[in-house]
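Taking it in order: structure first as structure tokens, then the write-up.
Start at 1 and go down the list; that is how both ligands and their atoms are numbered.
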Amino acid sequence: MLENIEYTLKQYFGHDAFLMGQREIIQQVLCGHDAFVLMPTGAGKSLVYQFSSLLMPGLTIVISPLIALMQDQVDRLQANGIAATFINSSLSSNERLERERAALNGQLKLLYVAPERLLTLSCLSLLDEVRKRVGLSLLAVDEAHCVSEWGHDFRPEYRLLGHLRDRYPSVPMLALTATATERVRDDILIQLKLQDPYIHIASFNRPNLYYEVRQKHRGSYQELLQLLRSQSDSPIIIYCQSRKGVDELSEALKQDGINVLPYHAGLTSEQRTEHQTRFMRDDVSVLAATVAFGMGIGKPDVRAVIHYDMPKSLEGYYQESGRSGRDGLRAQCIFFYQYGDRTKLEFTIVQKTDEQERRIARQQLQQVVDYAESVVCRRRVLLAYFGEEYQQEDCGNCDNCLRPTAMEDRTIEAQKFVSCVSRTQQRFGMRHIVDILRGANTQKIRDLNHDQLTTYGIGKDLSVDAWMHFGRSLLQQGLLSQTDDGYPVLKLNQLSREILRRQRNVEVPAIPVHQQKTSDTVPSRISALEPEEMGLFHHLRILRKRLADAQSVAPFVVFHDSTLLAMTQQRPQSKEQFAKIPGVGVSKLDAYLTPFTDAIRDYCELHNLAMGLKPEPQKMEAASASRVNGSSPTRLLTLELYKQGRNIREMAKERNLSP
Ligand code: ADP
Ligand code: ZN
């Protein structure tokens, strides 16, 4: 059975090799073991149970929390010729009966069910009957973190899924999630009663994502606009904190000619569904949303996630920004940061009644600030949050690694700051210290006679913001400490004392100026295409959209961008060449061979492009990282030779390849 698994992978999914971890998990499941899978979004979790179901007799049940997600996955499976369907509250009773009958007759491989439905008596007796007649092969619990109150998407119905483990002890259960904290992890194992599970924990690094933080200021809207315009039609999500923010931003963008729709909990559910569908189907390229948009959105080709406001936690930021680039091609995660935005969130924190909750929320917010103001690799900071140490010095794919922030000597300011903390007996928070340094005339200062201190007014040359920023960099570098029980108070530590004794020089990142740090072009393989190839790529996208609309599915159900990219580069003409394109499985080969090869031929003849080129040998089974390689030098050589007007035979000879 296992010898043929690569063949089955190509046949049904069009992939040439497994991604990291997939094969091992599948093997365990096929041997009947329970498994727990923790992988970041886009690492290929769904494939694990979808693929396993094909190799096992009987029916696989997939428990999934969201109707939209089910629909989406089922569409894709059916497009690949796999018998899958779902049962949820959106069906009429006739439709439901028909699907149940198909399950009982062994005509289905995968059945998606919402948890609240699964645990009804009628559904349980359906499962009993299925088990008797055709067998239950696997219970897959997707988004398994919903089982935990400690996670961010707790669903009480998930709590009951442990009953399934008791009811069908011999059927393997597979729990999958992209939420990583240890507490949630432990909760999943316990609540679902997994038996001695095989545990797979993947790295949370997403090498194809580019991270950047920009200072938010008055000109940021123009920057955003420029960014969107430079990304012509690529799917982009913009997150804002509030519904009002979403409405205002989408209205402004619309005025400026951007094809955008809003999404938030204030819209009716019909509107939300409509806006989501139009985004999924590429009818609209930009979605401005609150965090109400997100979980389970399987759109693989989102090219950028922009946070126009501050996220509540780093975990939230990781998950939200992680909705870009699921297809493994490059994507951008850009965060417009302004320290002041924190106050809006603090306002909601203050309203929490539980002291513990308030404390956690404050800490989470502080971690976001630390991330935004950090001058080290963003990836390192994000991964550290998940308890993972990033080994490389320089990730080469974040703003701080690509354009390191200049450091300035600020020893004098540090001495002023630390000495002010010392002279006030380490009993105050940062804002009060800054007020003293700036010689402010506040009630608190007058009451405490702090205007008598020698440090009073010695820092008038810097603004409040600049001092606050400076104070935070001292904290970040560990040059000063801060208590974190409720009201944060500054404390001296060993290093602060060295500063006081003039034994230590201090360098901090230059105070950020309002200036764009990066170029606006997407660093993706797509943008690395030659202009004519770019034209072909768009030509194929238009065809894809037409074919998708005719079937009322999202364009990525027809083919992913990565598949179109490979077609653009290889320009297949024969059935054999077309079958070799990654993402072309057996059922898509038959369905799409003619329209795509015709479109490629028409375009290439018109623009004088060579056709039927060889794919680059590419090693797929590394991490998903291998999916982001840029054009290889040898491909560039081909291009060079081609530009010199050499024919295919000559190019092949030059490169030691067969024509
Ligand atoms: P997750 O559920 O972990 O978020 P998905 O299962 O949606 O991830 O997969 C993410 C992307 O990776 C999808 O576009 C999928 O087609 C692709 N993918 C999955 N497995 C493979 C593979 N073995 N080779 C190439 N691409 C893959
Ligand atoms: Zn980096």
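- Relative to atom 25 (C) of ligand 1, the option among Glu6, His15, His560 with the closest non-hydrogen atom is His15.
- Between Phe578 and Tyr592, the gap from one ring centroid to the other reaches at least 6.0 Å.
- Listing protein N, O or S atoms at distances below 2.8 Å from the Zn ion (ligand 2), with waters left out, gives Cys377 SG, Cys395 SG, Cys398 SG, Cys401 SG.
- The shortest N/O to N/O separation between Ser46 and ligand 1 falls below 3.5 Å.
- In this structure, Glu6 CD and Arg23 CZ are separated by 4.5 Å, a value rounded to the nearest 0.5 Å.
- The shortest N or O to N or O distance between Thr41 and ligand 1 is not below 3.5 Å.
- Counting heavy atoms closer than 4.0 Å to ligand 1, residue Gln22 contributes side-chain atoms (C-beta onward) but none from N, CA, C or O.
- Geometrically, ligand 1 and Phe18 share no nitrogen or oxygen pair separated by less than 3.5 Å.
- Ring centers of Tyr239 and His307: under 6.0 Å apart, within the cut-off.
- Considering only residues two or more places apart in sequence or on other chains, Asp142 meets the salt bridge (Lys or Arg N to Asp or Glu O under 4.0 Å) condition with none of them.
- Taking distance alone, with nitrogen or oxygen atoms compared against 3.5 Å, Leu9 stays at or beyond that limit from ligand 1.
- For ligand 1, the atoms lying closer than 4.0 Å to a non-hydrogen atom of Ala17 are 22 (C), 23 (N), 24 (N).
- Taking distance alone, with nitrogen or oxygen atoms compared against 3.5 Å, Pro300 stays at or beyond that limit from ligand 1.
- For OH of Tyr12, the number of neighbouring non-hydrogen atoms (other residues, nucleotides, ligands) closer than 6.0 Å is 12 at most.
- Proximity of Ala178 to ligand 1, defined as any heavy-atom pair under 4.0 Å, is not found for any part of the residue.
- To the nearest 0.5 Å, atom CD1 of residue Ile199 and atom CG of residue Leu38 are 10.0 Å apart.
- Separation of atoms CZ (Arg379) and SG (Cys333) is listed at 8.5 Å; rounding is to 0.5 Å.
- One N or O on the side chain of Arg378 and one on the backbone of Tyr371 form a donor-acceptor pair closer than 3.5 Å.
- With values rounded to the nearest 0.5 angstrom, Arg183 atom CZ is found 8.0 Å from Asp187 atom CG.
- Ring-centre distance between Tyr385 and Tyr318: not below the 6.0 Å cut-off.
- Put simply, the side chain of Gln28 never gets that close to the backbone of Glu24: no donor and acceptor are under 3.5 Å apart.
- If you look at Lys45 next to ligand 1, the close heavy atoms, those under 4.0 Å, come from the backbone and the side chain alike.
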